[in-house]
Amino acid sequence: MPELPEVETVRRGLDQSVAGGQLHRLTLARPDLRVPFTPGMARRLEGKRLDSVGRRAKYLLLRFDSGDTVILHLGMSGRIRVGKPGKISQEKHDHAVFSFNGAEMRFSDPRRFGLMVLAKETELAEHPLLAGIGPEPFSDAFSAHYLSEALAKRRGPVKTALLDQKLIAGVGNIYACEALFRAGIHPETPCHQTTEKTEIIIASIRAVLGEAIDSGGSSLRDYVQANGEMGYFQHHFRVYGREKKPCITCNKPIHAQRQAGRSTFFCPVCQPCR
DNA sequence: AACAAGACCTGCATGC
DNA sequence: TGCATGCAGGTCTTGT
């Protein structure tokens, strides 16, 4: 479900609504997410203040004043809702309820691809979930030089590479398709043939992610912002989910195909091979 | 090392 | 109406 823009939107919502508050209770409805989160871990956090909410790739980082950090991933179907205690509807797949004074935050995830784990702030950088992740797309480290070197080593299709979190953090299926459309690059182009185009690839990724964040993310099935509002970037998709619909640039039909088990959408005219 | 495919789950839309 | 099928924002593991 959520890619970088959705996670970042949720992060901003949480940083405004619950950060700074003291966690007085953490209730676990069912611990069997991808990784178990134990009652002992919950007790360790109770009474602590949530200092800030950060993000790395698609992971939310809930930093507590005790030096503990909850690493939270929304998986495909995860949602976080915040509201006044008792005012948020309970849902079947609510896995964790964070109770603050005056605010309650519920983490639900029907498919349970998401996770919550506890880590020491000082060990975050080396944490197995985070250690191998590539540069954030808006960081200086995500440079034309870096990307050229990385793409030159690969033979596989460029679209699949953009989904690799080791190469770049936070891009998922929707925004990989959208970025390549903006760059005018066919998704099957072998990586090593795109090394001259890294400037436009980077600019396209930043543009689409930035616009999506400004729109509060994309709401398809599950995703809503922490305050319950919908994102609306889905109305700005140029290729994703638009199979057989006219390309907004050339009017020819958008194609769909599978790449590495994921749906890819592109315009064969505006995104020629190479 | 890079890559593809399968596995992990539930819910929903579609078609018979 | 019911049932089977396929698909969905992700990532981890396995095998080539």
* Grab the CG-C1' distance between A:Asp164 and C:dC12 for me, whole Å please. => 13 Å

* Asked: For C:dT11, does either OP1 or OP2 sit under 4.0 Å from a side-chain N or O belonging to A:Gln165?
  -> yes

* To do: Just name whichever nucleotide pairs with C:dT16, Watson-Crick or G-U, keeping both distances under 3.5 Å, else none.
  => B:dA2

* Structure fact -> To the nearest 0.5 Å, atom CZ of A:Phe233 lies from atom CG of A:Asp214 at 9.5 Å

* To do: Would you please confirm or rule out a distance under 4.0 Å between OP1 or OP2 of C:dC12 and any side-chain N or O of A:Arg34?
  => yes

* Asked: Just how far, in rounded Å, is P of C:dG10 from CZ of A:Arg79?
  -> 17 Å

* Structure fact -> To the nearest angstrom, the CG-P distance between A:Asp109 and C:dA8 comes to 18 Å

* **Candidate nucleotides C:dA8, C:dG10, B:dT10, ranked by approach to the side chain of A:His93 - the nearest** => B:dT10

* What nucleotide among C:dC7, B:dC9, B:dA4 has an atom nearest to a side-chain atom of A:Arg258? -> C:dC7

* Asked: Do A:Phe64 and A:Arg44 pass the side-chain contact (heavy atoms from CB on, under 4.5 Å) test, and can you show the C-alpha distance, the side-chain angles, and the key distance before you say yes or no?
  -> CA-CA 10 Å; A:Phe64 287 84; A:Arg44 213 164 107 190; over 6 Å; no

* To do: Take atom CG of A:Leu151 and atom C1' of B:dA2, then tell me their distance rounded to the nearest Å.
  => 13 Å

* Asked: For B:dA2, does OP1 or OP2 lie under 4.0 Å from any side-chain N or O of A:Lys153?
  -> no

* Tell me what A:Leu129 touches on the nucleic acid: a base, only sugar-phosphate, or nothing, going by heavy atoms under 4.0 Å. => sugar-phosphate

* Name the closest nucleotide to the A:Glu3 side chain, picking from B:dG11, B:dC9, C:dG10. => C:dG10

* Asked: Reckon A:Lys166 has a side-chain N or O less than 4.0 Å from the OP1 or OP2 of B:dA2?
  -> no

* To do: For C:dG10, take OP1 and OP2 only and decide whether either is under 4.0 Å from a side-chain N or O of A:Arg262.
  => yes

* In the structure shown, which nucleotide is the Watson-Crick or G-U wobble counterpart of B:dC9, with both distances under 3.5 Å? -> none

* To do: Please indicate whether A:Gln90 has more than 12 foreign heavy atoms, meaning atoms of other residues, nucleotides or ligands, lying under 6.0 Å from its CD.
  => no

* Asked: If you look at every strand shown and take non-hydrogen atoms under 4.0 Å, does A:Phe233 touch a base, only sugar-phosphate, or nothing?
  -> nothing

* Structure fact -> Separation between CG (A:Leu72) and CE (A:Met116), nearest 0.5 Å, reads 6.0 Å

* Asked: Does the gap between the ring centers of A:Phe265 and A:His255 come in under 6.0 Å?
  -> no

* To do: Round to a whole Å and report the spacing from CG of A:Leu115 to P of B:dC8.
  => 17 Å

* Which whole number of Å gives the distance between the P atom of C:dC3 and that of B:dC9? -> 24 Å

* Structure fact -> Picking from B:dC9, B:dC3, C:dC7, the nucleotide nearest the side-chain atoms of A:Ser263 would be C:dC7

* Structure fact -> CD (A:Gln193) and CG (A:Leu151) are apart, to the nearest 0.5 Å, by 11.5 Å

* Asked: A:Gln259 CD to B:dA5 C1': how many Å, rounded?
  -> 15 Å

* Asked: With sugar-phosphate meaning primed atoms plus P, OP1 and OP2, does A:Gly172 contact a base, only sugar-phosphate, or nothing at under 4.0 Å between heavy atoms?
  -> sugar-phosphate

* Asked: Picking from B:dA4, C:dG10, B:dG11, which would you name as closest to the side chain of A:Pro110?
  -> B:dG11

* To do: For A:Leu163 and B:dC3, give me the distance from atom CG to atom P, rounded to whole Å.
  => 12 Å

* Asked: Is A:Phe113 stacked on the base of C:dT11 when the test is centres under 5.5 angstrom and planes under 30 degrees?
  -> no

* Asked: Looking at B:dT10, C:dC12, C:dG10, which one has an atom nearest to any side-chain atom of A:Arg111?
  -> B:dT10

* Separation of atom NZ in A:Lys92 from atom C1' in B:dC12, rounded to whole Å -> 13 Å

